[in-house]
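This chain uses plain numbering: 1 for the first residue, then up along the sequence. Owing to the predicted nature of the structure, the values given are computational and were not obtained by experimental measurement.
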Amino acid sequence: MDIIAWARQNGLLVISVVLALISVLVVPLDRVTDYDYGRILKTIGILLCFLLIISGLRECAVLDRISQSMVGRISTTTALCLVLVFMPFFIAMLFTNDVALVTVVPIAITVLNKAGLRRLIPLVLVLETAAAHVGGFLTPFGNPHNLYIYNLQDYYGFTLWEYLSVLIPIVVVGAVTLLAIILMIKRSPIEVDVGKPVEMKDRRIVAAIAVLFIIAVATVVGFLPLYLTVPVVVIAFLLMMPRVFGKTDYSILFIFFFLFVFANGMANIDAVEDFLVDCLSVDPMLTTVLMSQFTSNLPATVLLQPFTDNWQAVLVGADIGGFGTPIASMASIITLKFYMLEKDASVKRFFAVFIVINIVMLAVLISAWYLFCV
């Protein structure tokens, strides 16, 4: 039963392992060993640095302290919803959408309950998830698949500005759409009790982690070499905060690796290659969006990227593809898990709101791609 429970909690990891094994069995071994593993190892190395940094900040209660201090100054429902929704929007830019939701969703549930606004919990949580998606679009480290594409900049020959210029219109349109939805919520005065103040721990360690974060960002944009950054970050945490290593979820690193093996294996099967190339030749962005609905946007990115030179379409398609079905992005599953811990949680009501908001975001953002990016 323990194994079954673990497999359910780590479904994407299990699926990625199975897919990699199938790929290895189908594809000749010499082709498997000829893969260029350097690209994926670079992405894994950078992700490891960010995972440790995020775990360190969580241990020091930095994000909880920031979130609580912002919410404590609210006096209307509109202002409260704006703060709760746009907190994950900005946090996701720096620490990924998953971390943003793990940090903010529990705070939102607590605050809305204390403010007597339980009826707004499903709507606010769905909007927070959407905001985390959109905010994570902008930076290379906002989403794992963003980082994967950005680490191919030498292959595709794009600059940081070219990367950002593709995503800025989508992010702006997404943010404006979220703002418009929030302003439709009835405005009324409220009193918010955020409870006992959260205090940051080990301020000197927090300062050191901030320096490590700057180093990691500098590595992503190419100012520092990865072979220097990874040892520095690992050794720093071993010396000042070794407990972080036992509290970090490394599953995303293995998922990336196994999906890379699977994707490269599929690239060596002529029938699969022909089918994906045909789909991508028609519309690579929509192909990536549709693939994301069934595989989630990370596997869709890793699978489709080798078959097209249109990195912009795959990047935006994977980002927009995070909207739609619950499995289109694992961030949606995180939010649902938190909501299900609530007493009298209504899955029917949650999904009713989820479907409406996701259809709106898909329609608006796909339109934004064709209007501003093509």
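- The side chain to side chain contact (heavy atoms under 4.5 Å, CB included) check on L286 picks up D283, I366, Y370, with sequence neighbours excluded.
- Using a distance-only test at 3.5 Å, with no hydrogens or angles considered, no donor-acceptor pair links the side chain of T301 to the main chain of H145.
- Interatomic distance, T248 OG1 to E59 CD, rounded to the nearest 0.5 Å: 8.5 Å.
- Using a distance-only test at 3.5 Å, with no hydrogens or angles considered, a donor-acceptor pair links the side chain of T77 to the main chain of K186.
- Hydrophobic clustering of Ile, Leu, Val, Met, Phe, Trp and Tyr side chains at less than 4.5 Å, counting indirect connections, unites L160 with Y148.
- Not counting sequence neighbours, Y155 has no partner by the side-chain hydrogen bond (donor to acceptor under 3.5 Å, both in side chains) test.
- Between the side chain of S55 and the main chain of L52, no donor-acceptor pair closer than 3.5 Å is present.
- Remark: side-chain polar atoms of Q293 are paired, donor with acceptor, to backbone N or O of G321 under 3.5 angstrom.
- One hydrophobic cluster, built from ILVMFWY side chains closer than 4.5 Å, holds both W161 and W311.
- Atom CG of L84 sits about 5.5 Å away from atom CG of L112, to the nearest 0.5 Å.
- With sequence neighbours left out, N151 forms a side-chain hydrogen bond (donor to acceptor under 3.5 Å, both in side chains) with T43.
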- Task: Please lay out, stage by stage, how D98 and T96 fare under the test side chain to side chain donor-acceptor pair (under 3.5 Å).
- Result: CA-CA 6 Å; D98 292 354; T96 77; 5.4 Å; no
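- Qualifying side chain to side chain contact (heavy atoms under 4.5 Å, CB included) partners for V220, counting only residues two or more places apart in sequence or in other chains: I46, F50, P140, F141, L147, Y150.
- Around OH of Y156, the count of heavy atoms belonging to other residues, nucleotides or ligands within 6.0 Å exceeds 12.
- Shortest non-hydrogen contact noted between H133 and G322 is NE2-O, 3.5 Å.
- Heavy atoms only, all atoms of each residue included: F95 and I54 are closest at O-CD1, 3.5 Å.
- Across all non-hydrogen atoms, the minimal contact from T287 to C279 is OG1-O, 3.0 Å.
- In terms of heavy-atom proximity, S332 sits nearest to P326 at CB-O, 3.5 Å.
- Hydrophobic cluster of V282: no remaining members, since no ILVMFWY side chain lies below 4.5 Å from it.
- Side-chain polar atoms of N143 and N97 form a donor-acceptor pair below 3.5 angstrom.
- When each of V85, L336, I357, I121 is tested with V126 by the rule side chain to side chain contact (heavy atoms under 4.5 Å, CB included), just one qualifies, namely I357.
- Between the side chain of Q153 and the backbone N or O of F158 there is at least one donor-acceptor pair closer than 3.5 Å.
- Every side-chain hydrogen bond (donor to acceptor under 3.5 Å, both in side chains) that T229 has, sequence neighbours left out, goes to T219.
- For F245, the CZ atom is densely surrounded, since the number of other residues' heavy atoms within 6.0 Å is greater than 12.
- With hydrogens and angles disregarded, no donor-acceptor distance shorter than 3.5 Å links the side chain of R187 to the backbone of A79.
- Under the salt bridge (charged side-chain N to carboxylate O under 4.0 Å, His left out) criterion, E342 pairs with R118, not counting sequence neighbours.
- Under the 3.5 Å distance criterion, with hydrogens and angles disregarded, no donor-acceptor pair is assigned to the side chains of Y163 and Q312.
- When every heavy atom of G135 is checked against every heavy atom of M93, the shortest pair comes out as O-CG, 3.1 Å.
- The shortest side-chain heavy-atom distance between L19 and V261 does not fall under the 4.5 Å cut-off.
- Qualifying side-chain hydrogen bond (donor to acceptor under 3.5 Å, both in side chains) partners for T129, counting only residues two or more places apart in sequence or in other chains: T335.
- Listed for the N113 side chain is a donor-acceptor partner under 3.5 Å among the backbone atoms of I109.
- For V171, the side chain to side chain contact (heavy atoms under 4.5 Å, CB included) partners at least two apart in sequence or on another chain are F89, V134, F137, L138.
- Without hydrogens or angle criteria, D202 side chain to R204 main chain gives no donor-acceptor distance under 3.5 Å.
- In this structure, I209 and F237 have side chains that are in contact, with non-hydrogen atoms separated by less than 4.5 Å.
- Grouping Ile, Leu, Val, Met, Phe, Trp and Tyr residues whose side-chain heavy atoms lie under 4.5 Å apart, directly or via other members, places I359 in a hydrophobic cluster with I355.
- Heavy-atom minimum distance, F338 versus L101: CE1-O, 4.3 Å.
- In this pair, F351 and F354 present their aromatic rings perpendicular. The plane angle is above 60°, beyond the 30 to 60° band.
- Of the possible polar contacts, none joining the S296 side chain to the S292 backbone as a donor-acceptor pair under 3.5 Å is found.
- Distance check: S251 OG to L13 CG gives 6.0 Å after rounding to the nearest 0.5 Å.
- Note on L290 and I327: separate hydrophobic clusters, where clusters join Ile, Leu, Val, Met, Phe, Trp and Tyr whose side-chain heavy atoms are under 4.5 Å apart, directly or indirectly.
- Side-chain heavy-atom separations under 4.5 angstrom define the hydrophobic clusters, and I214 shares its cluster with no other residue.
- Atom-to-atom distance recorded for T177:OG1 and L127:CG is 11.0 Å, nearest 0.5 angstrom.
- Chaining together hydrophobic side chains whose heavy atoms lie under 4.5 Å apart leaves M184 on its own.
- A single hydrophobic cluster is seen to contain both F223 and V233, as judged by linkage of ILVMFWY side chains at heavy-atom distances under 4.5 Å, directly or through other members.
- When each of I181, V176, L183 is paired with L179, the side chain to side chain contact (heavy atoms under 4.5 Å, CB included) condition holds for L183 and for no other.
- Atom-to-atom distance recorded for N146:CG and N297:CG is 9.0 Å, nearest 0.5 angstrom.
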